[in-house]
Every structure is written in C-alpha cells, then in structure tokens.
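Here's the structure we're looking at; comments come further down.
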There are 2 protein chains.
Amino acid sequence: METIRIALLGAGTVGRALVELLPQHQARFEGLDLKVELAKVLVRDANKSRPGIPGRILSHQVEGFLHDVDVLVEVAGGTTQAGEVVLEALEAGIPVVSANKALLAERWEELRTYAEEGQLYYEASVMAGTPVLGALQSLWGNQTLELNGIVNGTCSYIIRRMEEGRAYAEAFEEAGALGYLEADPNLDVGGIDAAHKLTVLARLTVDPGLPWEQVRARTRGISHLTPQMLAEAHAEGQAVRLVASLYPENGAWVATVRTVKLPLNHALVTMGSGRNALVYQGDPIGELVFAGAGAGGGVTASAVLSDLYKVFLGTPGHLPIPAALPMPKTEVERLEEV
Amino acid sequence: METIRIALLGAGTVGRALVELLPQHQARFEGLDLKVELAKVLVRDANKSRPGIPGRILSHQVEGFLHDVDVLVEVAGGTTQAGEVVLEALEAGIPVVSANKALLAERWEELRTYAEEGQLYYEASVMAGTPVLGALQSLWGNQTLELNGIVNGTCSYIIRRMEEGRAYAEAFEEAGALGYLEADPNLDVGGIDAAHKLTVLARLTVDPGLPWEQVRARTRGISHLTPQMLAEAHAEGQAVRLVASLYPENGAWVATVRTVKLPLNHALVTMGSGRNALVYQGDPIGELVFAGAGAGGGVTASAVLSDLYKVFLGTPGHLPIPAALPMPKTEVERLEEV
C-alpha cells in the first residue's frame, strides 16, 4: 500500500470540509491501494483550535512545509503567500490542487507551463463543485461561439433581494450578515470574482494566453443597480443579472463582466437562481447548459477531492486548449447592458 | 511533424460529419505538430459514392483494416462486427474512440480492462456531444445519491407529439418520416437505447461492473402511452417522460428506464424538451443539471473529435470509478411510474 501525504494550505470553510470528507472515502482509497494521509496543514494562526485537525500537524511556518509531501492542496485564497507556496510546489515537481481563482487568473504567466503539463488541478476554482472545467475539456471538437455565465452567487443573492424591493445597501448588508461576502467585498460586488472565473474559462476554451488585465478592464459590478431599475426591467419581461461573457467582436475575443438584461425564460435566469449556471454556444454542438451550486465549503471540497482522485490515478489536470481555432465568422447578438 | 492515421469504421451520419469537421481543425492540429490523416474508411458497401471521402481509402475488407493506423474511430454502431474490430484494435494497443453505446453496454466485460487503462474513449456514446462523461469524472469527490436523465430524443419527440393529441402510431410514423428512428425502432421506443446510455453512466458513477442484463431487465418503453394518459397527467400539473434513473433501493443500486410523471417545472421537463438532460444528485454537491443536444451527426462527431484531441494529447479516456463508495444512507423519493 502506497502512502499519499497531503499538504493542506488553508483551513477555512473549504479546508475543514475537505478534512471531514476524506474519511468517508477511506474504503475507496484502500481499493486503490492507497493510504491517504493529511500530513501537514499550514495556517496563519497555528494556535487556534481546528476541530478534526490534530494540533501536531498544524503549522504557520512556510519553511519546510512542502518537505516530504506528495501533493499540495491550496484552499487559502489570495495571490501572494498562496502563490509562493503553489509555485514552490510546482517547481519541486509536486502536483497541486487549487481552488484559487484569483491566483489562477492573476498569476497565470507563472503557472501556465505547469498547467499545460498537467501538474496543476483546478476544477474547484470555477463554479465550485459543478464540473464545468471537466466538461469544457470534452468540447475541443467544437468552435466556441459564445459563453455566458452566472458565476457569483453573492451578486445573484443581492440582486434577488433588490428585486424584492430592498435598497442596494440593505441587500449588501444582509449578504454580509449571512457570511456570503468575501473578506474584500469588492471581489464579489465589484465583479472581480466573476472576472477571475471567466478568465479561467476563456483560457480553457479560446485563448490559453488571455491576459487578466484585459478581462479586469472590462469588468463592472452591481453597486449601480437600484430596485427601480430591476422593477422596470421586470415590467418588460426581463431580469437583470451580473453575467460573465465571452464572445467574438471585430475578429477578437472579448471577455467581460457586467450587469445585463435577460429574458425571464433565459436558461441563465431559470437555472441560475440560487445556483451558478453556464450556457455554452458552440459549433456543431449548439447550446449547452450547466447548472449547480457555485459556493460552499462541502461543495468546493468535493471538487478538490475529485481532483485528488485524478492525482492518485495519474490522470493529468486541466490542460489548456492546444491553440485557438480561427475566429468564428458569426457575430453573436449582444446582451443589453444595464 | 508527426502523422496520425485515423481508421474510420462507419461512414453514416456521424462518420460523414466527422470527415467534414476534420479540415476545420487543421491549423490547430498543426499547432500540435500533428498531421491528422483520414487513412482508411471501412463500410459495408465500398462502391457507394461518399462525398468528401476519396474512393481509394474506402474498403469493405475487415482484414488488414487496422494495419498501419494510429487510432480507430468506431461510429458504425451494432455489437457484432463493430465489436470485433474494436477488440482487435484494443488488443493491438491501438486507442479507440467509439460512439457506440450498445457495444459499450452489452460487451463491457470484454472492453472494461481497456477502458480502465484509458485506451477506450467514449464521450460520444451518451448524450452525443453534451459532455456528461467528462463532467461525471470530475465528481468522484461526491457520494452519488441519484441520477435521472432524458437521454433519448426520439421518445421525447413522440411523447410531445402525443401531448398535442396524436395517437402513438401516428407520432411513431412521423418520427420515422423525419429520420429520427433507429433501423431497429425498438432501440428507441422500447427504451433500449436509453438503457444502453444509463448503463454507461451507472458504471462511471457507482458500479464499474454493473451487468447490462440487470438494466435490460428493468427497461420499459413508451408504446403503452396514450394521448389520454398524457392529458390526464397534464391536468395534474405533470408531464410524462421516458426517464433513465439510477437510485439506491434496499442497499443496492437500481438502474431502470420507464415512463414517469414529472412536475411541469422539473428541470428534466424544462431543460429536456427538444434536447437531452441529466440531473445528478450527490453529496456534498447537491443537484447538478446538464442539458444539450443528444443526437445528430455533427453534434456526435464533435464529441468524437474532442476524444481524438485527448488521444493526440496523450490524455487517457474515461477511466471507470476506482470502486463504489458505501451505499448512501438516504433513500430517494421514487418517481411515479406510468
């Protein structure tokens, strides 16, 4: 029996959910002749008690953290310290499973080679446990025409509360009280989190080298919305949503996040209420719809564990697309911005 | 530049669509340093003219067909001759891309080892180009609780025509006139095609060794339906659909195909009209919905080509799940059969 020693960076909601999930899979690990062991957990405060995690494996020392481990799981978030540890692991030939969309979006130039070699696994980074990255990589036989997604549940929640008449500030506060907001709420309501995810999706479908800055420059959030605007749209049979979109324009791919009007019967509205949804248009496949939970500790941990299985089985991570196909000849009908 | 020589078994709708699709990807193949060449096409009648396929590569001779080729694409269907050629290729170490759900379902015992070694690629076999197999293999971190799918578009079409008042025989004839029916229509209306697909799905989620006979024994079709039954269901706010289901019962997995009543707002009804849809329930992920085209030459060929990219990149095919997890403790609410 082979022992797999996991180094876990981050013991927040996702990390703790993963620690809870692992024992449920023990029998299956054994069926693979594997002993999966949580070897080390790196956290900011190693003295804080963490249920389910023995104190002896907790550390706040980056130095030596990757010594004698077989895989790094990074669920800490952020682009600085997490980035350094992830890069150190990759350089040392250690496979990395990451749920960190910010890191993937913003430091792709440093990560890309490892991703292309299959050493970096990141299904959890977009729509949490909803397996859209696995799905997109079974679509290379298509010319991508367009992609639209509702990929930030917090914004959806705030907008739905505003549809019920609450002012933006009030809905924003409610989301905060429920724990839906990131530590830096601008990641959610400024559209940045959605833009991070869109960047990952766009690189897996049309442009492996898409620069983050280009998506960032075309990202707007939801703070300009008012209950009146939403009510007026509704009176016209439309719903306003924060949508991440990828489409061709003047012979180049545009990746943008902004609020748009959608018909009430649009798949993003019907499937994307209370969850994340992605609508892919391709040729010859036509329209595909994927919908599921896009946040939550257990939900995200399930994708991390799915990636861990791929590590155990020696299946490579998410290889970027080989190269872009020629631009599609058809231009898509643009969604109406709000 | 490396040359990849494709042997194509079958030049029906899917085979011809693949032949049309390949040239559109030439630039991308070249970016991978590959020259992809359609080397041989095996058909029943080699004298029939096939647009886009040079006569010199057409053959009806099985002998020597696999000589000097790098990958076999099998889109002929059927379990006998196609099965012999597929097995000959696998035994010779040639990777195989197959869209043949009947073969996969019924001759799995012979194919399983090759599938588990990643030599057999079959995304196209379930829901055509809608990439559910890729998606399911990013769900190993979950305990599967239930799976329900509308995976045969022909039955959906016939049922929808009956909802508009046509008798079964009339709707059946219409489907035939539109070319929607398999050569043996019982594959469609007897539920067999749906059962083939369900068998593939069940093996990738809960039981790699699930015997076909077990699914076959719990498969019923749609020929008992009448417009009256559908109208009565509709009056109760329900729609009748042929649904392929996988659920736990008395500590064992049940895979069954039969007509059931679904609420009109069920995701299978809203997303599965005019296309295929699959609803997956798992723990911790909750409910996932996948919807897209489930038939058609180009649509199916796109999945075959996506699999070919995986062959080119050295990514393994659909590995079955490592081993079943313990049975879920929760029993699901059973759908009402009709």
Side-chain angles (χ1 to χ4, degrees), chain A residues 17 21 24-25 27-29 31-32 118 123 128-143 267 270-271 275 280 282-293 296-299 301-310 312-316 319 321-326, chain B residues 17 21 24-25 27-29 31-32 118 123 128-143 267 270-271 275 280 282-293 296-299 301-310 312-316 319 321-326:
Chain A
L21 206 49
Q24 299 173 32
H25 287 248
R28 188 189 270 180
F29 296 152
L32 291 169
E123 181 63 68
T130 304
V132 287
L133 303 198
L136 287 180
Q137 283 171 111
S138 292
L139 289 172
W140 288 340
N142 288 280
Q143 166 66 281
T270 57
M271 301 309 292
R275 51 184 159 190
Y280 172 94
D283 176 47
I285 187 63
E287 180 177 286
L288 296 175
V289 181
F290 308 99
V299 160
S302 77
V304 169
L305 182 50
S306 298
D307 272 351
L308 279 171
Y309 272 108
K310 293 188 179 178
F312 301 158
L313 292 168
T315 311
L319 307 165
I321 58 164
L325 281 175
Chain B
L21 206 49
Q24 298 172 32
H25 287 248
R28 188 188 269 178
F29 296 152
L32 290 169
E123 180 64 68
T130 303
V132 287
L133 303 198
L136 287 179
Q137 285 172 110
S138 292
L139 289 171
W140 288 340
N142 288 280
Q143 166 66 281
T270 58
M271 300 308 294
R275 50 185 161 191
Y280 173 93
D283 177 47
I285 187 61
E287 180 178 285
L288 296 175
V289 181
F290 308 99
V299 160
S302 78
V304 169
L305 181 51
S306 298
D307 272 351
L308 278 171
Y309 271 108
K310 294 188 179 177
F312 301 158
L313 293 167
T315 312
L319 307 164
I321 58 164
L325 282 174

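Naming convention: chains lettered A, B, ... in sequence-line order (proteins, then strands); numbering from 1 in each chain. Note that the coordinates shown come from a computational prediction; the quantities given were computed from them, not determined experimentally.
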So which part of B/Leu139 gets closer than 4.5 Å to some heavy atom of chain A, the side chain, the backbone, both or neither? both
Test item: A/Gln143 and B/Gln24 side chains (from C-beta on) under 4.5 Å apart, heavy atoms: no
Parallel, tilted or perpendicular, as decided by the 30° and 60° cut-offs, for the rings of B/Tyr309 and B/Phe29: tilted
Heavy-atom distances under 4.5 Å only: say whether A/Leu319 touches chain B with side chain, backbone, both or neither. side chain
Counting heavy-atom pairs under 4.5 Å to chain B, which of A/Leu305, A/Val304, A/Leu133, A/Thr315 comes out on top? A/Leu305
Working to the nearest 0.5 Å, report the span between CZ of B/Phe312 and CZ of B/Arg28. 11.5 Å
Chain A heavy atoms under 4.5 Å from B/Leu21: which part of the residue, side chain, backbone, both or neither? side chain
Determine the option with the most heavy-atom pairs under 4.5 angstrom with chain B, choosing from A/Ala17, A/Ala135, A/Gly296, A/Gly118. A/Ala135
Evaluate the criterion salt bridge (Lys or Arg N to Asp or Glu O under 4.0 Å) for residue pair A/Lys310 and A/Glu123; output intermediate values, then yes/no. CA-CA 11 Å; A/Lys310 293 188 179 178; A/Glu123 181 63 68; 5.3 Å; no
Is it true that a side-chain atom of B/Thr130 and a backbone atom of B/Ala291 form a donor plus acceptor pair closer than 3.5 Å? no
Taking side chain as everything from C-beta outward and backbone as N, CA, C, O, which of these in A/Leu32 sits under 4.5 Å from a heavy atom of chain B? Side chain, backbone, both or neither. side chain
If we define contacts as heavy-atom pairs under 4.5 Å, which of B/Asp283, B/Leu325, B/Val132 has the most with chain A? B/Leu325
Per-residue tally against chain B (heavy atom, under 4.5 Å) across A/Leu288, A/Leu308, A/Asp307 peaks at A/Leu288
Residue, of A/Ala303, A/Pro284, A/Ala267, that accumulates the most heavy atom pairs under 4.5 Å with chain B: A/Pro284
Short question: side chain of A/Asn142, backbone of A/Gly282 - any donor-acceptor pair under 3.5 Å? no
Between A/Tyr280 and A/Phe290, is the gap from one ring center to the other below 6.0 Å? no
Of all of A/Ser138, A/Gly297, A/Pro316, which one pairs up most often with chain B through heavy atoms under 4.5 Å apart? A/Ser138
Which one wins on heavy-atom pair count under 4.5 Å against chain A: B/Pro131, B/Gly134, B/Gly292? B/Pro131
